[in-house]
Amino acid sequence: MSRTALRICPLCEATCGLTLTIEGTEVTGARGDRDDVFSKGFICPKGASFGAVDGDPDRLRAPLVRKDGELREATWEEAFDAVAAGIRTVVERYGPHSVGVVLGNPNVHTMAGALYPPVLLAGLGTRSVFTASTVDQMPKHVSSGLLYGDALAIPVPDLDHTDHLLLIGANPLESNGSLCTAPDFPGKLKALKARGGTLTVIDPRRTRTAKLADRHIAIRPGTDALLLAAMAYTLFEEGLVDPGELTPHLQGLDELPDAVRDFTPEAAADACDVDAGTIRVLARELAAAPTAAVYGRIGSCTVPHGTLASWLVDVLNILTGNLDRPGGALFPQAATDKTPRPAGPGRGFALGRWHSRVSEHPEAKGELPLSALAEEIDTATEEGEPIRALISVAANPVLSAPDGDRLDKALGSLDFMVSVDPYLNETSRHAHVVLPPPPPSQSPHHDFAFNTLAVRNQVRYTRPAVPLEPGRMAETEILARLILAATGMHGADPSAVDDLVIGQTLGKAVKEPHAPVHGSDPHELAARLTGLTGPERRLDMMLRLGPYGDGFGVRPDGLSLEKLLAHPHGIDLGPLTSRLPQPLKTVSGKVELLPRPVADDLPRLREALRERADGLVLIGRRHLRSNNSWMHNVPALTGGSNRCTLHIHPDDAERLGVRDGAAVRLKGAGGEVTAPAEVTDVVRPGVVSLPHGWGHDRPGTRLSHAAADPGANVNQLLDGSLLDPLSGNAVLNGVPIEVVPLAEKITPLT
Ligand SMILES: Nc1nc2c(c(=O)[nH]1)N[C@H]1C(S)=C(S)[C@@H](COP(=O)(O)OP(=O)(O)OC[C@H]3O[C@@H](n4cnc5c(=O)[nH]c(N)nc54)[C@H](O)[C@@H]3O)O[C@H]1N2
Ligand SMILES: Nc1nc2c(c(=O)[nH]1)N[C@H]1C(S)=C(S)[C@@H](COP(=O)(O)OP(=O)(O)OC[C@H]3O[C@@H](n4cnc5c(=O)[nH]c(N)nc54)[C@H](O)[C@@H]3O)O[C@H]1N2
Ligand code: SF4
Ligand SMILES: [Mo]
């Protein structure tokens with residue numbers, strides 16, 4: 001007998017609603033939920049393979065604990081005993097910063113990852129915090145922090161209403177979108193064109209997204225900030241600046257013309273390899289469109305000027321009056337956002353409040369660069385203790401971060417490491433304890449992060465589609481117990497963690513004059529929370545305190561968990577609307593257009609005007625059926641064109657003597673890897689492309705399918721020294737590289 005259950009898909013940022021077919025406890029099918037208020041039935045091949053991802057036989061079923069050097073199955077009790085002993089010994093001997101925490105990408109795709117890591121970090125008090133953000137979007141956080149005073153205030157393009165979309169370094173036809181949560185992104189781009197709008201794509205590769213575009217510009221990698229600065233220059237030069245209704249909310253507009261003075265289209269053309277006339281046209285089109293949105297993603301972030309490029313994306317939206325207006329780029333308002341406070345000056349955003357110990361990288365958003373994790377473990381300095389224990393949650397930095405070989409060694413030298421991970425993979429194989437979360441079908445789901453980035457305000461919650469298997473522990477409970485074990489409260493009831501958060505949050509809310517619960521008794525409010533579990537009670541609390549909440553009865557029609565459960569396909573909260581100045585938390589209470597750290601970084605961008613490297617540069621790519629490093633073990637999602645090949649332009653291939661299908665050796669600052677060449681004019685000349693997340697050939701992993709076609713780890717070509725200095729974000733694109741046909745290793749290259 002089969003049944004169906006709803007489940008929001010956690011496999012990318014689009015958050016589609018799925019209808020799962022379940023036989024017994026096994027997910028045997030997945031289709032798009034046509035009644036989902038947001039995704040309306042959309043599904044992609046990854047979502048359709050939910051059952052295969054969920055039921056992968058290599059997923060760990062029980063905790064593993066290292067005994068006599070070997071990882072063996074153990075009880076949860078033994079596992080947490082080992083965590084408490086391992087972490088506490090290091091904290092007590094070497095202090096809190098000697099415990100590192102690494103948080104990987106899937107944390108934004110689980111409820112556990114949203115609700116518990118902040119408590120863990122606060123409880124540990126460590127500054128050794130590393131996340132996937134610094135190999136991804138940290139430049140955008142820094143830019144938003146500086147412009148708006150809030151690193152999480154990220155405007156998203158109004159895909160459903162814009163007349164003109166300028167996509168920079170994003171390939172939503174493969175990625176399904178990022179920092180712009182939109183089920184059926186491809187359909188939305190087609191709809192834009194169907195309603196007479198225009199799509200421009202800036203990408204060194206002629207991607208599937210670029211093929212849809214009215215205009216594709218194959219820019220030289222790493223130079224987007226120059227192109228965008230030259231567009232801003234053009235807007236000023238040609239009198240096209242018109243912030244419109246934004247004007248009263250802006251500070252520093254007068255200083256911008258001088259700041260971009262040197263970035264004429266003529267000066268930028270050579271470096272970008274885009275002619276000056278085209279740059280001017282891009283600026284004019286942006287200004288002329290009734291509404292327009294500039295949107296930049298991975299290709300604009302993981303580059304040497306990632307923060308400046310991210311800043312310029314917003315500056316262009318502002319100069320053309322497109323920020324915060326329908327059809328432009330707007331600030332979403334999620335159901336679990338904090339109660340909006342009245343507009344007014346805030347505390348602003350600080351960068352570099354502390355620095356990493358070895359290379360003295362400034363912190364950003366409380367994080368240090370993931371690129372620096374290996375050296376923070378393997379290098380002693382007089383400044384303080386190296387990291388001796390590591391807590392890794394949903395992270396595989398051995399493949400995702402630069403120089404995996406060095407990190408691999410460093411992890412092997414730790415006194416103690418715990419991984420919360422469903423797989424024994426390149427990173428978790430070093431752990432002393434592995435705590436496996438249940439598969440997604442057995443976990444509840446709500447998108448705390450992505451609803452704040454969604455192209456339409458909406459809220460959805462799905463309970464576990466399948467009950468927890470015997471012997472399994474919910475990931476929320478795993479993390480709650482991990483917090484207790486790591487902070488000296490080992491053995492306490494995990495509900496203590498939720499109670500602590502609820503007590504603190506409500507205690508604060510009742511003191512806020514603008515909160516609906518102002519003046520109430522927090523204990524009385526806590527007693528009214530509903531939900532079967534601690535995380536559900538926390539969700540209920542957030543919903544009720546939030547912008548659409550029932551305010552614990554103050555607004556009886558408002559949201560609560562109960563109301564959400566009564567709407568299994570979600571609740572639509574309407575299109576994005578103008579919100580300024582409310583989201584601003586800058587000291588001035590305005591959008592600070594030329595923040596000091598940005599102004600101080602502009603000379604470095606000016607120098608880039610003169611750079612014109614001649615050698616080959618490396619960029620990445622994503623495949624629709626992939627997800628970073630962790631889906632190569634699912635047969636349904638591998639094979640075909642989803643392979644770790646080096647894309648190289650026919651001209652470059654001919655010049656270097658590279659044959660299609662033949663192995664080539666790649667040499668970068670961090671090492672060498674081998675991959676088969678795929679000669680294709682999809683990449684522009686001078687650029688080669690190798691996808692990330694491959695390199696599943698290390699011993700001691702349990703990834704039977706992935707190991708059969710391991711691919712090469714592109715990040716081994718990086719040594720971790722190339723960063724965007726403002727954000728600490730790794731430079732993963734536009735990296736100098738040598739390519740040698742394998743049989744002719746000794747042939748000089750260029
Ligand atoms: N060269 C290059 N490198 C890149 C990128 C690139 O474009 N080019 N992209 C970067 C980007 S954008 C990102 S976000 C990072 C990602 O970097 P990571 O977050 O380190 O990598 P993932 O492959 O997403 O691995 C996540 C880990 O989480 C585990 N996992 C999966 N599901 C769950 C779950 O439900 N719970 C828990 N606890 N664990 C789970 C997986 O088994 C895996 O070990 O990679 C970055 N690296
Ligand atoms: N199928 C699939 N979907 C995913 C993921 C996945 O691994 N697979 N990962 C998820 C994650 S963690 C993220 S962060 C998102 C990322 O979402 P996107 O940013 O849309 O992802 P990419 O497909 O890497 O697109 C980046 C594009 O930038 C281009 N590029 C490289 N260098 C430059 C440059 O210097 N300038 C410009 N203008 N372009 C450049 C690349 O050619 C590529 O087409 O995708 C998410 N969705
Ligand atoms: S687009 Fe993303 S969220 Fe939607 S089905 Fe595919 S993987 Fe899942
Ligand atoms: Mo990412």
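None of the values given here were measured: they were computed from a predicted structure. Counting convention: from 1, in listed order, for ligands and their atoms alike.
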Identify which of [options] has a heavy atom lying nearest to [atom].
atom: atom 40 (C) of ligand 1; options: Ser428, Ser133, Pro422, Gly620; value: Pro422
atom: atom 43 (C) of ligand 2; options: Val682, Asp203, Leu637; value: Asp203
atom: atom 11 (C) of ligand 1; options: Thr134, Val135, Asn633; value: Val135
atom: atom 28 (O) of ligand 1; options: Gly104, Ser392, Cys301, Ala394; value: Ala394
atom: atom 22 (P) of ligand 1; options: Pro397, Ala730, Pro691, Ser629; value: Ser629

Heavy-atom distances under 4.0 Å decide this one: backbone, side chain, both or neither, for [X] against ligand 1?
X: Pro437; result: side chain
X: Arg622; result: side chain
X: His109; result: neither
X: Ser400; result: both

Derivation and outcome, side chain to side chain donor-acceptor pair (under 3.5 Å), residues Asp224 and Ser300: CA-CA 6 Å; Asp224 297 86; Ser300 68; over 6 Å; no
Would you mind checking which non-hydrogen protein atom is closest to [atom], with the distance to 0.1 Å?
atom: atom 20 (O) of ligand 1; answer: Asn396 N, 2.8 Å
atom: atom 38 (N) of ligand 1; answer: Glu475 OE2, 2.7 Å
atom: atom 35 (O) of ligand 2; answer: Gly222 N, 2.7 Å
atom: atom 29 (C) of ligand 1; answer: Asp421 OD2, 3.2 Å
atom: atom 6 (C) of ligand 1; answer: His692 ND1, 3.3 Å
atom: atom 19 (O) of ligand 1; answer: Asn105 N, 2.6 Å
atom: atom 47 (N) of ligand 2; answer: Ser175 O, 3.0 Å
atom: atom 25 (O) of ligand 2; answer: Asn171 N, 3.4 Å
atom: atom 1 (N) of ligand 2; answer: His623 O, 2.7 Å
atom: atom 26 (C) of ligand 2; answer: Gly169 O, 3.2 Å
atom: atom 34 (C) of ligand 2; answer: Gly299 O, 3.2 Å

So if I count the atoms of ligand 2 from 1 in the order they appear, which ones are less than 4.0 Å from some heavy atom of [X]?
X: Asn733; value: 31 (C), 32 (N)
X: Ile168; value: 38 (N)
X: Thr207; value: 44 (O)
X: Ile202; value: 37 (C), 38 (N), 39 (N)
X: Pro204; value: 30 (N), 33 (C), 37 (C), 39 (N), 40 (C)

With a heavy-atom distance limit of 4.0 Å, tell me whether [X] approaches ligand 2 through its side chain, its backbone, both, or neither.
X: Leu624; value: backbone
X: Pro221; value: both
X: Arg621; value: neither
X: Asp224; value: side chain
X: Thr209; value: neither
X: Asn628; value: both

Stepwise side chain to side chain donor-acceptor pair (under 3.5 Å) check, Asn396 with Glu426: CA-CA 7 Å; Asn396 192 9; Glu426 298 75 16; 3.0 Å; yes
Distance flag, aromatic centroids of His705 and His632, threshold under 6.0 Å: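 Here the rings of His705 and His632 have centres that are no less than 6.0 Å from each other.
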Parallel, tilted or perpendicular, as decided by the 30° and 60° cut-offs, for the rings of Trp76 and Phe80: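 Rings of Phe80 and Trp76: parallel, as their planes differ by under 30°.
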Full working for side chain to side chain donor-acceptor pair (under 3.5 Å) between Asn729 and Asp724: CA-CA 5 Å; Asn729 208 88; Asp724 166 41; over 6 Å; no
N/O separation below 3.5 Å, Ser626 to ligand 2: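 Min N/O separation from ligand 2 is below 3.5 Å for Ser626.
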Backbone or side-chain N or O of Arg205 under 3.5 Å from ligand 2 N or O: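 Such a contact does occur with ligand 2.
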With heavy atoms of [X] as the reference, note each atom of ligand 1 found under 4.0 Å away.
X: Val714; answer: 1 (N)
X: Ile298; answer: 12 (S)
X: Ala395; answer: 20 (O), 27 (C), 28 (O), 44 (O)
X: Thr110; answer: 35 (O)
X: Asn425; answer: 42 (O), 43 (C), 44 (O)
X: Tyr423; answer: 42 (O)
X: Asp136; answer: 12 (S), 14 (S)
X: Asn715; answer: 1 (N), 2 (C), 3 (N)

Basic-acidic side-chain contact under 4.0 Å: Asp681, Arg206: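 Yes, charged N to carboxylate O under 4.0 Å.
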Ion pair Asp652/Arg684, N-O distance below 4.0 Å: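 No, this pair does not count.
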Arg643 CZ: over 12 foreign heavy atoms closer than 6.0 Å: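 For Arg643, atom CZ is not crowded (no more than 12 foreign heavy atoms under 6.0 Å).
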Crowding at CZ, Arg702 (>12 non-hydrogen neighbours, <6.0 Å):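 No.
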